[in-house]
Amino acid sequence: MATFLVAAPQFSQSQPRTFRDCATCPEMTSLPAGTLVMGSPEVKTAGLSEEALKYVGEFEEQPQHQVSIRAFAIGTYEITQAEWVAFMGDNPSTALGEQLPVENVSWEDAQEFLRRLSERTGHKYRLPTEAEWEYAARAGSALTFPFGDDPAQLPQHAWFRGNSDGHSHPVGSRAPNAFGLHDMLGNVWERTDDCWRSHYEDAPADGSAQTGGDCDLRVVRGGSWVNLPQFLRPAARFRYSTTSRYEFVGLRIAREL
């Protein structure tokens, strides 16, 4: 399988690892600055087995490029239905449960949630950039998955087609990654701030969002309960329109430090 490179980050002892800005606010985890080699390498496919070919990076994940990530905070969990209702007043989700991830929300819906959260707390909340998301998902890993190269271990870490029974599950019910983040892979796709481009040519090197390309389409990451393992690789990426709503797409939020 393909391998990936991520520079090992260093945590600041003076910076809190987890926090909430209000009683009903989502729990956030502070991440240190670091560097990321983002995307998938080009791999010679000749002679690879059919199974191995599933984990070879797609064109949309290339070229690999180094990105500098400044310190930021990201949600420890995907936004739950209880957290969504606390700020929005209604629950649009298909599968109902307070600790299930909110879904059936568009990118534009997410912007309104973030606006209200920022207004209440006085802090700048937003969607993570695509680079920040991959940095958080890898958590220092240089492998196909954050936990290793073997997809047989995936059920311990993620809800996906092989173990979900066709629905989402309460956040935090699978093992966290090395940053202490849950469900970065699987459960629901997570929206990012980036406009869609089908390659990484001239991608931002400072961890900021891609503002060129098709901004009616925004990047989603992480895969979901409906997807096969290859879609849960940290490098895998897809896109949906800013107005689309699906029962397998939710969100995780970021905040400036």
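Any value given below was found using the heavy atoms of this structure, including those in side chains, with hydrogens, waters and symmetry copies removed. Position 1 is the first residue of the sequence, and the numbers go up from there.
For the atom pair OH of Y135 and CD1 of I74, the computed distance is 11.0 Å after rounding to the nearest 0.5 Å. Rounded to the nearest 0.5 angstrom, W133 CH2 and R237 CZ are separated by 12.0 Å. The structure places OG of S118 at 5.5 Å from NZ of K124, a figure rounded to the nearest 0.5 Å. Here R255 contributes atom CZ and Y125 contributes atom OH; the two are 5.0 Å apart, rounded to the nearest 0.5 Å. Between L185 atom CG and F231 atom CZ the span is 14.0 Å, to the nearest 0.5 Å. Expressed to the nearest 0.5 Å, how far CG of L251 lies from CD of E190 amounts to 8.0 Å.
Looking at S93, its side chain does come within 3.5 Å of a backbone N or O of E103 through a donor-acceptor pair. Under a 3.5 Å cut-off, the side chain of R239 and the backbone N or O of R218 do not form any donor-acceptor pair. Not a single donor-acceptor pair under 3.5 Å links the side chain of D149 to the backbone N or O of L143. For D194 (side chain) and E130 (main-chain N/O), a donor-acceptor pair under 3.5 Å exists by modelled atom type.
Taking a cutoff of 4.0 Å between a charged side-chain nitrogen and a carboxylate oxygen, E119 and R116 do not qualify as a salt bridge. Checked for salt-bridge contact, R233 and E61 meet the test: a charged N lies under 4.0 Å from a carboxylate O.
For Q153, the CD atom is densely surrounded, since the number of other residues' heavy atoms within 6.0 Å is greater than 12. Within 6.0 Å of atom CZ in R115, more than 12 heavy atoms from other residues, nucleotides or ligands are found, so the atom counts as buried in its surroundings.
Applying the under-4.5 Å side-chain rule to Ile, Leu, Val, Met, Phe, Trp and Tyr, the cluster around L96 consists of that residue alone.
Between D202 and R197 there is a side-chain heavy-atom pair separated by less than 4.5 Å. Using a 4.5 Å heavy-atom threshold, the side chains of F160 and P155 count as touching. Counting only heavy atoms from C-beta outward, the side chains of M184 and P146 never approach each other to under 4.5 Å. Within the 4.5 Å cutoff, no side-chain heavy atoms of S30 are placed close to those of T18. In this structure the side chain of E98 never reaches within 4.5 angstrom of the side chain of T80, judged on heavy atoms. At least one side-chain heavy atom of I253 sits less than 4.5 Å from a side-chain heavy atom of L114. R20 is not listed as a side-chain neighbour of M28, based on a closest heavy-atom distance of 4.5 Å or more.
Contact between G75 and L181 at its shortest, heavy atoms only, is O-CD2, 3.8 Å. Taking all atoms of both residues into account, the shortest heavy-atom contact from Y200 to P63 is CB-O, 3.5 Å. Contact detail for A203 and H65: the closest heavy-atom pair is CB-NE2, 3.8 Å. Taking all atoms of both residues into account, the shortest heavy-atom contact from N177 to F179 is OD1-N, 2.9 Å. Residues A137 and P234 share a closest heavy-atom pair of CB-CB, 4.3 Å. R138 approaches A235 most closely through the heavy-atom pair NH2-CB, 3.6 Å.
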Acceptor/donor pairs from residues 208-215 side chains to any protein atom, 3.5 angstrom cut, sequence neighbours excluded:
from: S208; atom 1: OG; to: D206; atom 2: OD1; distance (Å): 2.6
from: Q210; atom 1: OE1; to: G212; atom 2: N; distance (Å): 2.9
from: D214; atom 1: OD1; to: D216; atom 2: N; distance (Å): 3.0

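Linking Ile, Leu, Val, Met, Phe, Trp and Tyr residues whenever their side-chain heavy atoms come within less than 4.5 Å leaves L100 and W225 in two separate clusters. When the side chains of ILVMFWY residues are joined at heavy-atom separations under 4.5 Å, either directly or via intervening members, W107 and L117 end up in a single hydrophobic cluster. Neither V219 nor I79 shares a network with the other; the hydrophobic side chains, linked directly or stepwise wherever heavy atoms of I, L, V, M, F, W or Y lie under 4.5 Å apart, form separate groups for each. The cluster map of Ile, Leu, Val, Met, Phe, Trp and Tyr, joined by side-chain heavy atoms under 4.5 Å apart, puts W84 and Y77 in different clusters. Under the 4.5 Å side-chain heavy-atom criterion for grouping Ile, Leu, Val, Met, Phe, Trp and Tyr, L232 is connected to M38 within one hydrophobic cluster.
Judged purely by distance below 3.5 Å, without hydrogens or angles, the side chains of N91 and Q81 pair a donor atom with an acceptor atom. Using a 3.5 Å distance cut-off with no hydrogens or angles, the side chains of T129 and D193 do not pair a donor with an acceptor.
In this view, E78 satisfies the salt bridge (Lys or Arg N to Asp or Glu O under 4.0 Å) rule with no residue, not counting sequence neighbours. Contacts of D109 classified as salt bridge (Lys or Arg N to Asp or Glu O under 4.0 Å), with partners at least two apart in sequence or in another chain: R245. Take Y246 and apply the ring-ring contact (aromatic ring centres under 6.0 Å, His included) test, not counting sequence neighbours, and it matches Y240, F248. Evaluation of the side-chain hydrogen bond (donor to acceptor under 3.5 Å, both in side chains) rule for N227 yields W189, S224 as partners, not counting sequence neighbours.
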Which is it for W159 and S173 under the side-chain hydrogen bond (donor to acceptor under 3.5 Å, both in side chains) test, yes or no, and what are the steps along the way?
-> CA-CA 9 Å; W159 296 109; S173 53; 3.0 Å; yes

Between C195 and L217, is a side chain to side chain contact (heavy atoms under 4.5 Å, CB included) present by the stated rule, with each step listed?
-> CA-CA 6 Å; C195 302; L217 298 174; over 6 Å; no

Start with the C-alpha gap between Q156 and N163, add the side-chain angles, then the distance that decides, and say whether side chain to side chain contact (heavy atoms under 4.5 Å, CB included) holds.
-> CA-CA 10 Å; Q156 303 169 46; N163 68 346; over 6 Å; no

Walk me through it: do R191 and V249 pass the test side chain to side chain contact (heavy atoms under 4.5 Å, CB included)?
-> CA-CA 8 Å; R191 295 187 181 274; V249 180; 3.7 Å; yes

Check against side chain to side chain contact (heavy atoms under 4.5 Å, CB included), R120 and T24 | CA-CA 11 Å; R120 184 178 300 183; T24 57; 3.5 Å; yes

Please walk me through it: do E134 and R221 pass salt bridge (charged side-chain N to carboxylate O under 4.0 Å, His left out)?
-> CA-CA 8 Å; E134 188 166 330; R221 290 299 208 107; 2.8 Å; yes

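With T76 as the partner, the side-chain hydrogen bond (donor to acceptor under 3.5 Å, both in side chains) test is satisfied by one option alone out of E27, H182, R17, R252: E27.
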